[in-house]
Engineer: 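Handing you a structure now.
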Amino acid sequence: MHEMHEIPRNNRERALLVGMVPSKERVGEMEESLDELALLADTAGAEIVDRIIQVRSAMHPAYYIGTGKARSIAELCEAEQIELVIFDDDLTPAQVRNLDRVIERRILDRSGLILDIFASRAKSRQAKLQVELAQLQYMMPRLTRQWDHLSRQEGGVAAGSGGAIGVRGPGETQLEIDRRLTRGRITHLRRNLEQVTASYNRQRQRRSAMFCIALIGYTNAGKSTIFNGFTEADTLIEDRLFATLDATTRAVNVTPGQPVLLSDTVGFIRKLPHHLIASFKSTLTEVYDADLLVHVVDGSHPNHADHIVTVNQVLAELGASHLPLLLVYNKADQLESPDALEFLKLSYPDAIAISALDPGDVERLRQEISIRVDRQRVEVELLIPYENGHAVSVAYESGDVLRREDEPEGVRLTVRMMPSVAGRLGKTLDAFVCG
Ligand SMILES: Nc1nc2c(ncn2[C@@H]2O[C@H](COP(=O)(O)OP(=O)(O)OP(=O)(O)O)[C@@H](O)[C@H]2O)c(=O)[nH]1
Ligand SMILES: [Mg+2]
């Protein structure tokens, strides 16, 4: 696929990947995690020079890896002109600082890397605000503790000579300024984000009588490809991580006579920084307000089972675990053998397997979704006051009207529709839901 942010090969920062595992048996697992870290680093514009896995029963509190290992990494960086060392797990601010001193290269952890990618990919105002907020929150403790360390060190030296206050004074002032600026910026971003989110929610509300479906899943699973297959939209599709950051929503005809809203959403990934999930909550309303989640899995990926677990964890964090869900194994065309499919089906018998590149398969998915939509519909009775003619037309649009009676209080409709849609209709359009 065509790449939007291609960085010329020779301008790429040379990077080393580092992982740590408690025992030899888990090296394979770490290899897979580093494969993914390599993809992330590539997306961010790095050239991977080498990777190192250390087996160590517990992390070193001050250096994460062992100190001997840290020194050998320093030598490797020197020999290979490595500029950036990326750790697969999150480091504490103190570990970053200590490693920085030994290795003398830029140190980054997985969260920092993901935040960096999000920052360079954010396009909408909302996404930009969300990413900056998450970055500042990520930086805040690092800012503080790094300074604590410096002031302690200088204080220690100075204490002996009796001049601690003079040495620490300006530093602490600078720290206070940094903290205050950061805090101020965070407040400012939060406020802006609230405004953007409010206007966005108003737009959403206008469409709230419709059945909402969200395509969710691990990054690079094929969500946008499916979305484009349904909508003829031209959402960016790339063989890269996090091609999509903003949710895109379109009305599509899934069930005859029942337009639904379909949203394409940001992909999830292992060890997604917590701040990022929190900041992106407003973008992810499409996920936790959905009437149906379509969980797209790259069935041909060797780690697809882990991907499913990760996505389920993020769903839980978003409070969306209870929503009806259809599991879709995508990229069936890339499966090594038909047996693989049978195997996939064993763990999730309700899942369907498709290739998003095959229009026939997309049609099959449409039918499957249509069945799920219909399964969720129930008969409800609405009593709509005559002055609220708009609600009557919305009811006709969003469900099958089975019976209509004109009564003194208003129009009584028996409609087959989604209970959640009926609920929203009652709230926003002043119709009374009777049963
Ligand atoms: N072979 C094959 N490739 C597919 C299929 N579906 C998607 N792809 C490819 O997989 C890559 C990722 O597709 P996207 O649709 O961008 O994936 P996504 O889930 O939206 O990814 P993010 O937006 O990054 O979370 C692209 O190169 C697609 O062309 C499929 O069924 N078969
Ligand atoms: Mg996408």
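For reference, positions follow the sequence shown, starting with 1. Just follow the structure's listing: the first ligand is 1, and inside any ligand the first atom is 1.
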Engineer: Sort out for me which residue in I186, T187, L193 forms a side-chain contact (heavy atoms from CB on, under 4.5 Å) with R190.
Structural biologist: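 Option passing the side-chain contact (heavy atoms from CB on, under 4.5 Å) with R190: I186.
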Engineer: Using only atom types and a distance under 3.5 Å, with no angle test, would you say the side chain of T231 pairs donor to acceptor with the backbone of F227?
Structural biologist: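 At least one qualifying donor-acceptor pair exists.
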Engineer: Can any side-chain N or O of S263 pair as donor or acceptor with the backbone N or O of T265 at less than 3.5 Å?
Structural biologist: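 No, the answer is negative, given that no donor and acceptor are paired below the 3.5 Å cut-off.
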Engineer: Is it the case that ligand 1 has an N or O less than 3.5 angstrom from some N or O of A221?
Structural biologist: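 Yes: some nitrogen or oxygen of A221 is under 3.5 Å from one in ligand 1.
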Engineer: Would you please determine whether G217 falls within less than 4.0 Å of ligand 1 on a heavy-atom basis?
Structural biologist: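 No.
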Engineer: Give the atom numbers and elements of ligand 1 that come within less than 4.0 Å of a heavy atom of Q334.
Structural biologist: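 Those atoms are 1 (N).
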Engineer: Give the numbers and elements of all ligand 1 atoms closer than 4.0 Å to a heavy atom of S224.
Structural biologist: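 In order of numbering, the contacting atoms are 15 (O), 18 (P), 20 (O).
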Engineer: Would the distance check show the side chain of D88 and the main-chain N or O of V18 forming a donor-acceptor pair, the cut-off being under 3.5 Å?
Structural biologist: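 A pair under 3.5 Å: no.
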Engineer: Show me which atoms of ligand 1 lie under 4.0 Å from any heavy atom of A356.
Structural biologist: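 Taking each heavy atom of A356 in turn, ligand 1 has 6 (N), 30 (C), 31 (O) under 4.0 Å.
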Engineer: Check whether any side-chain N or O of N98 sits under 3.5 Å from a backbone N or O of Y63 as a donor-acceptor pair, and report yes or no.
Structural biologist: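 Such a contact is absent between N98 side chain and Y63 backbone.
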Engineer: Can you list, pair by pair, the side-chain donor-acceptor contacts under 3.5 Å of residues 292-303, counting residues two or more places apart and other chains?
Structural biologist:
residue : atom : partner : partner atom : Å
D298    : OD1  : S300    : N            : 3.0
D298    : OD1  : S300    : OG           : 2.7
D298    : OD1  : H301    : N            : 3.3
D298    : OD2  : K331    : NZ           : 3.4
S300    : OG   : Q334    : OE1          : 3.1
H301    : ND1  : N303    : N            : 2.9

Engineer: Have a look at D264, D333, V328 and point out the one with the heavy atom closest to atom 1 (N) of ligand 1.
Structural biologist: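 Among D264, D333, V328, the closest heavy atom to atom 1 (N) of ligand 1 belongs to D333.
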Engineer: Kindly confirm or rule out an N or O of G222 lying under 3.5 angstrom from an N or O of ligand 1.
Structural biologist: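 Yes, since at least one N or O of G222 sits under 3.5 Å from an N or O of ligand 1.
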Engineer: Evaluate K223 for polar contact with ligand 1, using N/O atom pairs at a separation under 3.5 Å.
Structural biologist: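 Right, the criterion is met.
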Engineer: Only heavy atoms of S355, strictly under 4.0 Å: list the atoms of ligand 1 that pass.
Structural biologist: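 Contacts of ligand 1 toward S355, numbered from 1: 30 (C), 31 (O), 32 (N).
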Engineer: Under 4.0 Å, heavy atoms only, figure out whether ligand 1 is touched by the backbone of N220, its side chain, both or neither.
Structural biologist: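 Near ligand 1, N220 shows its backbone as well as its side chain.
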Engineer: Does the shortest distance from the Mg ion (ligand 2) to an N/O/S atom of N220 fall below 2.8 Å?
Structural biologist: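 Given the 2.8 Å cut-off, N220 does not count as a ligand of the Mg ion (ligand 2).
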Engineer: Identify, with sequence neighbours excluded, every residue that meets side chain to side chain donor-acceptor pair (under 3.5 Å) alongside R26.
Structural biologist: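 Per chain and number, R26 pairs via side chain to side chain donor-acceptor pair (under 3.5 Å) with E29.
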Engineer: Of the options R106, R105, R101, which is the one that meets I103 in a side-chain contact (heavy atoms from CB on, under 4.5 Å)?
Structural biologist: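 Going through the options one by one, the only one that passes is R105.
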Engineer: Taking only heavy atoms of G267, which atoms of ligand 1 are found under 4.0 Å from at least one of them?
Structural biologist: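 By the 4.0 Å cutoff, the relevant atoms are 25 (O).
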